[in-house]
Protein chains: 2
Amino acid sequence: MQQHTETEENYLKAIYHLSNLSISSINTSSIATSMSTSSASVTDMLKKLAEKELINYEKYKGVKITRKGEKVALNIIRKHRLWEVFLTKVLNFDWDEVHMMAEELEHVSSDELIKRLEAYLDFPKFDPHGDPIPDQTGKVEINNQMSLSKGDSGSRYTITGVGEHSSAFLKHLAKYGLKPGITVSIAEIMEFDKSMLVKVNKDKFHLSYDVSKNILVKTHGAI
Amino acid sequence: MQQHTETEENYLKAIYHLSNLSISSINTSSIATSMSTSSASVTDMLKKLAEKELINYEKYKGVKITRKGEKVALNIIRKHRLWEVFLTKVLNFDWDEVHMMAEELEHVSSDELIKRLEAYLDFPKFDPHGDPIPDQTGKVEINNQMSLSKGDSGSRYTITGVGEHSSAFLKHLAKYGLKPGITVSIAEIMEFDKSMLVKVNKDKFHLSYDVSKNILVKTHGAI
DNA sequence: TTTTATTTTTAGATTTGTCTAAATTAATTT
DNA sequence: AAATTAATTTAGACAAATCTAAAAATAAAA
């Protein structure tokens with residue numbers, strides 16, 4: 001079952017995540033950007049992944065992940081998110097410190113180890129960033145989340161997750177007390193730069209478009 | 001600090017362990033054997049490790065680990081043993097299942113992660129096989145253990161560890177109920193094949209030389 | 001002390017994942 | 001529809017860790 005290299009796994013994960021952002025097939029350069037590598041390297045890897053039937057790939061036509069590839073990706077994501085829960089809940093790391101560590105741990109842990117870790121953590125459904133944890137068979141709860149940047153002035157939203165997991169971004173959010181579970185209402189949206197004025201409890205502050213874009217929410221009360 | 005490749009770390013670990021078995025310097029072929037690789041590969045790696053001042057190496061003259069190399073090796077051993085404690089004590093794996101998993105985890109865990117894991121485990125002093133866990137600075141308790149195969153007929157010994165960590169060997173010991181802490185007395189030693197008849201509680205059984213050689217003990221009651 | 005055997009090192013090839021630069025294909029613009 | 005621009009793929013090279021086979025050095029035996 002552990003038949004793929006760490007690099008192959010990382011490419012699959014990136015392709016899976018990109019697939020969830022757009023309906024169409026994924027192009028070479030978007031993968032290159034998200035992996036911080038060259039398009040030439042991506043092309044090489046795409047051939048290898050296609051050979052293993054983890055993706056459907058036609059030259060110049062882009063990439064679609066197969067069901068088989070998706071299962072591999074979801075298994076890695078499952079490991080990543082369970083380790084994040086372990087690091088925050090058991091070892092008391094902050095939620096902005098755990099991403100890179102989980103990035104390494106996800107590749108070295110066997111399915112059996114993860115099964116036991118999951119039981120030990122009492123079957124958590126979400127990681128510290130609000131992302132759902134796939135089960136053993138690759139089932140994920142699809143949480144109907146949207147970007148806060150697409151919200152309306154005057155409406156209230158509950159944060160369910162983030163679209164960016166870097167420590168820098170999360171530390172920034174932490175400064176405002178923003179994290180999954182928190183309720184935010186949009187007081188005003190600025191036309192010229194898409195920035196917004198938001199209210200959290202009694203506090204009011206300004207969020208740039210780059211920030212609000214990466215805050216994921218559900219409409220307050222609904223679904 | 002995490003400046004060495006996984007392979008370099010594994011070589012260092014092997015060299016460190018071999019150094020503890022003999023007083024003289026280590027030769028190329030013993031490293032090759034313990035790493036299951038060719039002498040040619042070992043030579044290549046020795047040059048690289050010498051370049052980094054982790055070992056002293058002179059062509060055809062063998063290898064001695066430096067203080068710097070020893071510190072790196074001890075840090076990896078520390079991680080390995082703490083993960084073994086985690087896997088057995090927290091995730092309830094058997095002591096014969098954890099070696100390979102720890103072999104992977106030892107390379108991906110940062111010093112900070114290990115520090116927290118150690119605290120969470122309440123600062124254990126020994127791993128499930130009876131091996132001492134080095135502290136952050138690389139200090140290890142030297143337990144004056146000897147091989148059971150060097151024991152005398154009629155004497156009693158307490159098992160403190162094993163000289164071989166393969167699942168096959170440990171499962172074999174488990175069949176007889178042999179593990180660290182157990183007291184064994186030697187009833188008889190056979191001249192022709194160095195095998196021995198031992199007594200544990202009321203049970204009496206036969207151990208081949210290959211087995212007794214890899215059981216580490218201290219003389220009962222003493223030290 | 002030669003000769004023989006063993007150990008160690010070098011030389012050259014292979015695999016994985018990467019790169020840059022050049023060539024090819026697709027998309028846009030005029 | 002032709003020309004230009006952008007995206008993608010190929011070609012060739014490189015670094016890490018490995019291999020086999022041959023050469024060199026050391027150790028053992030005659």
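Side-chain atoms are counted along with the backbone in the values below, which use heavy atoms only and exclude waters and symmetry mates. Just so it is clear: chains get the letters A, B, ... in the order the sequence lines come, proteins before strands, and each one is counted from 1.
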ask   = Got a salt bridge between Lys13(B) and Glu9(B), using NZ or NE/NH1/NH2 to carboxylate O under 4.0 Å?
value = no

key: Ile31(A) CD1 - dT9(D) C1' separation (whole Å)   = 14 Å

query = Which part of the nucleic acid, if any, lies within reach of Ser29(B) when heavy atoms closer than 4.0 Å are counted: base, sugar-phosphate only, or nothing?
reply = sugar-phosphate

message = Students often mix this up, so state it plainly: with edges at 30° and 60°, are the rings of His165(A) and His99(A) parallel, tilted or perpendicular?
response = parallel

task = Counting heavy atoms from C-beta on, name the nucleotide in dG17(C), dA21(D), dT20(C) closest to the side chain of Ala40(A).
result = dT20(C)

inquiry  = Rounded to whole Å, please give me the gap between OH in Tyr11(B) and P in dA16(D).
reply    = 15 Å

ask   = Between Asp44(A) and Lys59(B), who's closer to the 5' end of DNA chain C by nearest nucleotide?
value = Lys59(B)

remark   = Between NE2 of His4(A) and P of dG17(C) the distance, given in whole Å, is 12 Å

request  = Could you check which of dA17(D), dC19(D), dC19(C) has an atom nearest any side-chain atom of Ser38(A)?
outcome  = dC19(C)

message = Tell me the interatomic distance from Leu46(B), atom CG, to dT18(D), atom C1', rounded to whole angstroms.
response = 14 Å

query = What is the distance, rounded to the nearest whole Å, between atom NZ of Lys61(B) and atom C1' of dA24(D)?
reply = 15 Å

inquiry  = Just by distance, no angles: are the side chains of Asp127(B) and His80(B) close enough, under 3.5 Å, to form a donor-acceptor pair?
reply    = no

query = Quick one: Asn10(B) CG to dT18(D) P, roughly how many Å, whole number?
reply = 9 Å

ask   = Taking atom P of dA17(D) as reference, at what distance in whole Å does atom CE of Met45(B) sit?
value = 5 Å

ask   = Is the closest basic N to carboxylate O distance between Glu70(B) and Arg67(B) below 4.0 Å?
value = yes

query = Closest to the Thr37(B) side chain: dT9(D), dC19(D), dT9(C)?
reply = dC19(D)

remark   = Rounded to whole Å, the CE-P distance (Met35(B) to dC19(D)) equals 10 Å

ask   = More 5' along DNA chain C: Tyr60(A) or Thr7(A), using each one's nearest nucleotide?
value = Thr7(A)

Residues Ser166(A), Glu164(A); criterion side-chain hydrogen bond (donor to acceptor under 3.5 Å, both in side chains); working and verdict = CA-CA 6 Å; Ser166(A) 72; Glu164(A) 146 90 45; 2.7 Å; yes

